[in-house]
Number of protein chains: 2
Amino acid sequence: MRILLVEDEPEMAVALSAALKGHDMVVDHVPTLAQAEEAISADVHRAVLLDRQLPDGDGLVLIPKLRARAVGIPIIVLTARGELVDRVAGLDHGADDYLAKPFAVDELVARLRAVLRRPAGMQCDLLRVGRLAFDLAHREASVEGRPFQLPRRELLVLETLLRRIGRTVLRSSLEEAVYSFDDEIQSNALDTHVSRLRRKLTEAQAGVEIHNIRGVGYLLKHSR
Amino acid sequence: MRILLVEDEPEMAVALSAALKGHDMVVDHVPTLAQAEEAISADVHRAVLLDRQLPDGDGLVLIPKLRARAVGIPIIVLTARGELVDRVAGLDHGADDYLAKPFAVDELVARLRAVLRRPAGMQCDLLRVGRLAFDLAHREASVEGRPFQLPRRELLVLETLLRRIGRTVLRSSLEEAVYSFDDEIQSNALDTHVSRLRRKLTEAQAGVEIHNIRGVGYLLKHSR
DNA sequence: GACCCTACATTGCGGCTACATTACGGAGAG
DNA sequence: CTCTCCGTAATGTAGCCGCAATGTAGGGTC
């Protein structure tokens, strides 16, 4: 199991490398975005651990390039910024998981194994449910090949539900995914988005349903 | 699943309680160390969320006392101080995990579940009885793979009985698991939940039965 | 066995809360 | 200016849940 670690702080890099080696992993460490790009082109890594704060830019910009070169490779973003906005930003950019520093090494290893265990289908960046398809890379939905255009908020709701299809998404998670930190909401705005999205999904015969779990959140599933 | 939250900031406490409640947990909130000690002596909580900055001292001093009273109970320390030094201090004092504010509620819940799973960590966290399966991690029940949806209280009853399958659960234990301190009830509400749960279990042909032990409590077992 | 007391079972009702849906108006883009 | 998006609020609806009334079964005593 060979891992690419993109991290500029030497202390952190050494510690992580040691820990991962202890778990029978082979770690290649690079400190910059440029070197990371070069390393990934060798196409020998099964996963990428990506710090955001790098000397030559935000680690997130690397994600699309990684996706272009090695489509299904799992990416876990590491960051000192634990704010929700950043978390969402990370996942929106196509990362597979996100870990805020400080974190337990055990947790990192656990999540790494989790993303590596995932079936190949999940790693594809085109989610399909019913007649609906969602291109995570371009953030576009389509029904039976026809573009299914949605306003921003509704698209965020749909994407968030799709990323956790068949499993309940907490109402709070949904709010966090749709609204940034300083967007203050004091109404049932989220409900209206869900409602409008529902109508459009049925009108387009997307073949998916949004169920409500009372007191908990929502869940998207294939309709029958 | 009943949790003790030790937190003095009302705003944070309210938010956390609400969030945890959304995950089908029962939360008792106390704002001081003294009250925390008293609450834990009731011995009904399965985990403790402990803030460090409390009006009557550092939350860490509570840990040895908790360990004395409730040996294996998981403790997660919450703190505004996210420095590594503090982290180590927290773990050194015997906490099971450590979370720096601000944190995502989802992450807290995930870690809470992780530490609660730990004793049974080697086993799969999917309890199976008859045709019924209960996913402890996601707090979802299913019958033969089909989702088996239940309201909050009934789910709590089912989970509590499942965790002690084949053994009688005291009526008082069940009440403690389902209701928090201030949820005090004065009727046979618990019985009605058991009744409704029974009906749903038979309707879904779950293959389990809830037996009553007169004057003692209830017991869940495989129905032949 | 007759009787009674108590614990449990079951059901319907009402209040409460969460959710669904619709209409409206403001704000920003073109 | 016009159109779309989106937050707000009002209104309607459904589900949960505590409560109480009524029925049933267990177990004790005589």
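Residue numbers start from 1 in every chain, and the chains themselves are labelled A, B, ... in the order their sequence lines are given, proteins ahead of strands.
- Listed nucleotides: dA18(C), dG18(D), dC19(D). Nearest to the side chain of R214(A): dA18(C).
- Here Y218(A) reaches the OP1 or OP2 of dA20(C): one of its side-chain N or O atoms lies under 4.0 Å away.
- The CG-P distance, from L190(B) to dA20(D), rounds to 16 Å in whole Å.
- For S142(A) and R146(A), the side-chain atoms include no donor-acceptor pair closer than 3.5 Å.
- Comparing atom distances between the S187(B) side chain and each of dA20(C), dC19(D), dG7(D) picks out dC19(D) as nearest.
- With no hydrogens or angles considered, no side-chain donor-acceptor pair links E175(A) and S172(A) at under 3.5 Å.
- Per the geometry, CD1 belonging to I210(B) stands 14 Å off P belonging to dC8(C), to the nearest Å.
- Salt bridge annotation for R171(A)-D191(A): present, with a cationic side-chain nitrogen under 4.0 angstrom from a carboxylate oxygen.
- When distances run from any side-chain atom of R198(B) to the nucleotides dC19(C), dG18(D), dC8(C), the shortest one goes to dC8(C).
- OP1 or OP2 of dC6(D) sits under 4.0 Å from a side-chain N or O of R152(A).
- Across T160(B), L161(B), L155(B), a single residue satisfies side-chain contact (heavy atoms from CB on, under 4.5 Å) together with V157(B), and that is L161(B).
- Atom CG of N212(B) and atom C1' of dG26(D) are 10 Å apart (whole Å).
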| Can you list the steps and then say if V77(A) with R52(A) is a side-chain contact (heavy atoms from CB on, under 4.5 Å)? | CA-CA 7 Å; V77(A) 172; R52(A) 285 195 60 173; 3.6 Å; yes

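- Between L170(A) atom CG and dA18(C) atom C1' the separation is 15 Å, expressed in whole Å.
- In this structure, the helix from dG1(C)-dC30(D) to dG30(C)-dC1(D) shows an angle of 20° between the axis at its start and the axis at its end, each fitted on 5 base pairs and rounded to 10°.
- In this structure, H29(B) contributes its side chain and E7(B) its backbone to a donor-acceptor pair below 3.5 Å.
- Looking at heavy atoms from C-beta onward, I210(A) lies out of side-chain contact with L158(A) at the 4.5 angstrom threshold.
- Between the NE2 atom of H211(A) and the C1' atom of dA18(C) there is a distance of 18 Å, given to the nearest Å.
- If you check distances only, the side chain of R196(A) never reaches the base of dT21(C) with a donor-acceptor pair under 3.5 Å.
- Between H193(A) and the phosphate of dG7(D), there is a side-chain N or O to OP1/OP2 separation shorter than 4.0 Å.
- Separating the CG atom of L197(B) from the P atom of dC8(C) is a distance of 17 Å, rounded to the nearest angstrom.
- Across the protein-nucleic acid pair, R199(B) atom CZ and dC17(D) atom P stand 16 Å apart, rounded to whole Å.
- Looking at heavy-atom distances under 4.0 Å, E154(A) makes no contact with the nucleic acid at all.
- In the set dT10(C), dC6(D), dT21(C), the nucleotide with an atom closest to the side chain of D191(B) is dT10(C).
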| request: Start with the C-alpha gap between E140(A) and F134(A), add the side-chain angles, then the distance that decides, and say whether side-chain contact (heavy atoms from CB on, under 4.5 Å) holds. | output: CA-CA 6 Å; E140(A) 291 168 350; F134(A) 193 98; over 6 Å; no

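- Comparing dT8(D), dC5(D), dT11(C) by their nearest atom to the side chain of T192(A) picks out dT8(D).
- Within 3.5 Å, a donor on the side chain of N188(A) pairs with an acceptor on the base of dT21(C), or the reverse.
- Between R153(B) and dG18(D) there is a side-chain N or O to OP1 or OP2 distance below 4.0 Å.
- Between S195(A) and dT21(C) there is a side-chain N or O to OP1 or OP2 distance below 4.0 Å.
- For A189(A), counting side-chain heavy atoms from C-beta on, the closest listed nucleotide (dT22(C), dG7(D), dC19(C)) is dG7(D).
- When rounded to the nearest whole Å, the span between NZ of K200(B) and P of dA9(C) equals 16 Å.
- Note on R171(A): every side-chain N or O is 4.0 Å or more away from OP1 and OP2 of dA18(C).
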